[in-house]
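Can you read through this structure? Questions will come right after.
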Number of protein chains: 2
Amino acid sequence: MGRKPGRPVAPQSASGRNITIKDLAAELELSITTISRALNGYPDVGDKTRAKIEEAARRLGYRPNRNAQRLVLQRTHNIAWVQSDNELKYLDPHFSEVMAGVLAEARAANYDIVLTSHGQDRELQTYDRYVRDNSVDGFIIDLPREDDERISFLTEAGRPFVVHGREQRASQYGWVDMDNYDNFYRLMRLLIANGHRRFAFINGDETFNYALYRHHGVRDAIADAGLPADSLRVYNSAHPMGDAGFSLTQKALADTRVTAVLYSSILLLVEGYEVLANAGLRDGRPIAIATMDDELRHIHSTRLAPRVTFVRSSLRDAGHALIAELSRQLDDGQPARGVLMRSSFHVAPDLDARSLDDPLPMARRTTIG
Amino acid sequence: MGRKPGRPVAPQSASGRNITIKDLAAELELSITTISRALNGYPDVGDKTRAKIEEAARRLGYRPNRNAQRLVLQRTHNIAWVQSDNELKYLDPHFSEVMAGVLAEARAANYDIVLTSHGQDRELQTYDRYVRDNSVDGFIIDLPREDDERISFLTEAGRPFVVHGREQRASQYGWVDMDNYDNFYRLMRLLIANGHRRFAFINGDETFNYALYRHHGVRDAIADAGLPADSLRVYNSAHPMGDAGFSLTQKALADTRVTAVLYSSILLLVEGYEVLANAGLRDGRPIAIATMDDELRHIHSTRLAPRVTFVRSSLRDAGHALIAELSRQLDDGQPARGVLMRSSFHVAPDLDARSLDDPLPMARRTTIG
DNA sequence: ATAGCCTACTAAAACGTTTTGGCAAATTGC
DNA sequence: GCAATTTGCCAAAACGTTTTAGTAGGCTAT
C-alpha cells in the first residue's frame with residue numbers, strides 16, 4: 001500500500017519549524033532577494049540559478065510564510081463570512097449549498113474563507129474587528145434586510161464586500177441575487193391564469209428581503225389581475241426549518257376555498273407534503289402547488305408529485321458568483337457590479353404555461369429584488 | 001523567462017489605512033514599547049500613562065495588526081477545517097450541526113475557522129499547504145476512515161489536530177466521538193430482547209469509521225444472541241442524503257420477514273418514513289424502528305410516530321468539544337486526549353427497555369468506536 | 001553618604017517576506 | 001578597443017507587532 005504519487009512528504013522535523021527563505025538562501029549561497037525574485041517570476045534571474053532555486057525549494061518543501069507575506073503585501077487572501085448565532089440555530093441546507101459554491105470558487109481564486117459566528121448583539125463588532133485588524137480582504141454578506149447595517153458599516157469603512165441578495169442601495173455595491181420579485185410574480189400569475197382564485201403563500205421571514213420581495217411579487221400579481229387582496233393568505237415561518245412547513249400547510253388548507261399553495265422554499269413544501277397529499281385524498285381537492293427550487297443537493301424531487309410547478313435557480317451557482325464578483329473587485333480592481341442569476345420555470349403538465357412568457361407590466365419592472 | 005507578477009490592488013480604498021501602534025505612539029509622545037506593554041497588561045507602566053493609552057486606543061479605534069502579531073508570535077489563532085469536494089456534494093445537516101458548535105466555541109476561545117475545500121486528489125496537498133505556510137495553529141479532521149492519511153500526515157508533520165471520530169490509532173491523538181459501537185450494540189440487543197428475529201440495518205458509507213463501527217456493534221449483538229448471521233441484512237447509502245432512505249427502506253421491507261429496521265441516521269429514517277407507514281397500513285405489519293438521533297435542528301421529531309426508539313447524542317455539543325480539546329492543547333499545552341460524548345436512549349413505549357442497562361460482554365468492551 | 005532597589009519608561013532586535021535602487025560583470029555596437 | 005547597454009545578482013528598507021535588555025531617576029536602608 002505505498003504512497004500515492006504526489007503525496008506530500010511530511011516536514012522532516014516533528015518539532016515544527018518550517019523552512020524559510022533564509023534557509024534557502026543559506027543552502028544555495030544566494031541572497032534572499034534573488035530567492036524571492038526567482039520564485040516570484042521576476043525576469044532578472046538567470047535561468048540556471050532559477051532552476052536551482054526552484055529545485056531546492058521543492059526539495060526542502062519551502063512555502064512562503066503567509067503572515068509575513070500578508071504583512072508586507074497588505075493583502076490576506078482571506079474572505080470573511082460572518083454568521084450570526086441567531087441564524088446558526090437553523091444553519092440550514094440553503095447555507096450549506098451557498099457555502100459549497102463559495103468554497104469551490106474560493107479555492108479556484110486562491111482565497112480562504114474565514115468563518116465566524118457572533119452573539120446576538122455583537123454582529124457589527126465582529127465586522128469591525130476584521131476591518132481594523134487586517135485579517136481579511138473582503139466580506140460576504142448573506143440574507144440582507146432592508147437598510148442592512150452590515151452594508152452601511154462596510155460602506156462607511158470602505159471595505160470590499162459582496163451581498164448575496166439586495167436591498168435599496170443595491171446599485172452601490174456588488175451583489176448576487178435571483179429575481180425574487182419577478183419569479184414570484186410570474187408564478188402567481190401562472191396560477192391565476194389557470195383559474196385559481198384563492199391562494200396560500202407559505203413564505204419565509206419577511207424581515208429578510210428575499211422573502212419580502214417574493215411577497216411583493218405575489219401581491220402585485222394579484223392586484224394586476226384585478227383580484228381582491230383577500231384572495232391571498234400569507235403564512236410566514238420565522239425559521240426556515242422545523243415543522244413550519246407542516247403546521248403552516250395545515251393552517252393554510254383549513255380554508256377549504258384554497259386551491260393553490262405557493263411555497264417560498266422546497267423544504268417547506270416537503271414538510272407539508274403529507275398534508276397536501278391527504279387533502280387530495282380526503283377532500284377530493286386537488287391542490288396546485290408551486291415553489292422555489294434552490295437545487296438543494298439532498299432534496300430529491302423525484303418523490304414529489306409531478307403536479308408541482310417550480311422555478312429553479314442554483315444556490316450553489318450563486319456561491320460561485322459571489323466569489324467571482326469579489327475576486328473581480330479585489331484582484332482585477334474592477335468596480336462593483338450586480339449579478340442576476342438566471343431562473344428557469346418548470347410547469348406541472350396539467351397547467352397552461354403560456355402566461356410565463358408574457359413580460360411583466362412596465363410599472364412592475366423596476367422594482368429590485 | 002518568467003513574468004513580473006501582476007500587482008494586486010490594495011484592498012482598502014475609501015477610508016484608507018488602519019491606525020497602527022506607531023500612530024498611537026506619535027499621538028501620545030510615548031515609545032512603541034510602552035504602548036504595546038500597556039495594552040498587553042504588563043505591570044511596568046504607570047497608572048496614568050496606561051489610562052491615557054487605553055483612552056487613545058479606544059478613541060482612535062486601534063486594533064493590533066493581526067498579521068504582524070501572527071508573524072512575531074508564531075501563532076495565528078486560526079483553525080483549519082478542510083472539506084473535500086466529494087463531501088461537498090452532500091454537505092449535509094450533520095456538517096452544519098457540527099460546524100455550528102465549532103463556531104460558537106471557537107468564538108469563545110478566540111479562534112477563527114478557516115474553511116476550505118479541495119479537489120478529489122488534492123486532499124493532502126491542502127493540509128500540506130497549511131502546515132508549511134503557517135496559516136493555522138491546528139486542524140479539525142471530520143469523518144475519519146481506517147488508517148486515515150490525513151491523520152498520518154499531520155502526525156508526521158507534528159501539528160496539532162483533533163479528530164471528530166476515531167480510527168485504530170485513537171490513543172495517539174485528540175478526538176471527540178460518541179460510542180458508535182456500544183450504542184448500536186445496545187440498540188440491536190434491545191430489538192432482539194423484544195423478540196425480533198429478522199432485521200434490516202440501513203447504514204451510511206462504511207468506508208467511514210462511524211458507519212463501520214456501528215455495523216460491528218450490530219453484528220456482534222446478533223452473534224452474541226446466538227442468532228444466525230443472515231438474520232441481518234445491511235443496506236448502505238453511499239450518500240447520507242438523496243432518496244437513499246426511501247429506496248433502501250423499500251428494498252429492506254421487500255423481505256416480508258423483516259420486523260425491525262435500524263437506521264444509522266434520522267435523515268434516512270425520515271426519508272423512509274412514508275414506506276414504513278405504508279407497510280404498517282398495507283401489510284398490517286408493525287415495524288419496530290430504531291435510529292441514531294443527532295439532534296439536527298431542522299428535523300422535527302414530533303412528527304415521527306411514538307414507536308421510534310432512538311439513541312441521542314448532540315453533534316453540536318461534539319462541535320463544542322472539538323474546539324475545547326484543541327484549545328486545551330494549543331492554549332494550555334495539555335497532552336491530547338479523547339472525549340467520549342454521552343448518549344441517551346429513548347425507548348418506544350411498546351418495547352421492553354431493560355436490556356439496555358446490561359453491561360456489554362467483557363470481550364466486547366475494548367473495541368474502539 | 002552611598003549602595004542597592006524600585007518605578008517607569010525606551011532603543012533595538014526579531015519575526016519572514018517583498019521591493020527599491022544599485023552595482024559589478026558580461027555583452028554589444030561602432 | 002572603448003563606450004553603452006544588458007544581465008544577474010544583492011544590501012537595505014519596509015510591513016507592524018512583541019520582547020529583550022536595558023537606563024535614568026527617585027527612594028530606601030544603613
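Bear in mind that the values here come from a model prediction, so they are computed numbers and not experimental data. Just so it is clear: chains get the letters A, B, ... in the order the sequence lines come, proteins before strands, and each one is counted from 1. Keep in mind that the numbers below use all heavy atoms, side chains included, and drop hydrogens, waters and symmetry copies.
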Between CZ of A:R70 and C1' of C:dT19 the distance, given in whole Å, is 20 Å
Between CG of B:N65 and P of C:dT17 the distance, given in whole Å, is 17 Å
Quiz item: When all nucleic acid strands are considered with a 4.0 Å heavy-atom cut-off, which category describes B:L71: base, sugar-phosphate, or nothing?
Solution: base
- Report which part of the nucleic acid A:T33 touches: base, sugar-phosphate, or nothing (heavy-atom distance under 4.0 Å, all strands). base
- Identify whether the distance between the nearest side-chain nitrogen and carboxylate oxygen of A:K52 and A:E54 falls below 4.0 Å. no
Going by an N to O cut-off under 4.0 Å, is there a salt bridge joining B:D142 and B:R150?
-> no
Exercise. Going by heavy atoms in the side chains, are B:L103 and B:I323 under 4.5 Å from each other?
Worked result: no
When rounded to whole Å, the CG to C1' distance for the pair A:N67 and D:dT18 reads 14 Å
To the nearest angstrom, the CG-C1' distance between A:L24 and C:dT18 comes to 15 Å
note: A:R132, atom CZ; D:dG16, atom P; distance rounded to Å ~ 16 Å
Margin query: Is there a side-chain contact between B:Q69 and the phosphate of D:dG16, meaning an N or O under 4.0 Å from OP1 or OP2?
Written below: no
### Message
Measuring to OP1 and OP2 of C:dT18, would you say a side-chain N or O of A:N40 lies under 4.0 angstrom away?
### Response
yes
Q.
Under 4.0 Å, heavy atoms only, any strand: does A:R63 hit a base, just the sugar-phosphate, or nothing?
A. sugar-phosphate
Do any N or O atoms from the side chain of B:R107 and from the backbone of A:S117 form a donor-acceptor pair under 3.5 angstrom?
yes
- Query: Does A:Y42 make a side-chain N or O approach to OP1 or OP2 of C:dT19 shorter than 4.0 Å?
  - Reply: yes
In 5'-to-3' order, the base (B), backbone-only (S) or no-contact (-) status of each nucleotide in nucleotides 4-9 of chain D, using a 4.0 angstrom heavy-atom cut-off, is ----BB
Rounded to whole Å, CD1 of B:I19 lies from P of D:dT17 at a distance of 9 Å
* Asked: Any side-chain heavy atom of B:Q83 within less than 4.5 Å of one from B:W81?
  -> yes
Notebook entry, point to check: OP1 or OP2 of C:dT17 less than 4.0 angstrom from a side-chain nitrogen or oxygen of A:K22, does that happen here?
Noted result: no
Point to revise | Carboxylate-amine/guanidinium proximity below 4.0 Å for B:R66 and A:D133 | key: yes
I'd like to check B:R328 versus B:R337 (side-chain heavy atoms, cut-off strictly below 4.5 Å). Are they in contact? yes
Whole-Å distance, B:I35 CD1 to C:dA12 C1', equals 17 Å
B:I21 CD1 to D:dC15 C1', in whole Å, measures 14 Å
Side-chain N or O of B:Q74 less than 4.0 angstrom from OP1 or OP2 on C:dG16? yes
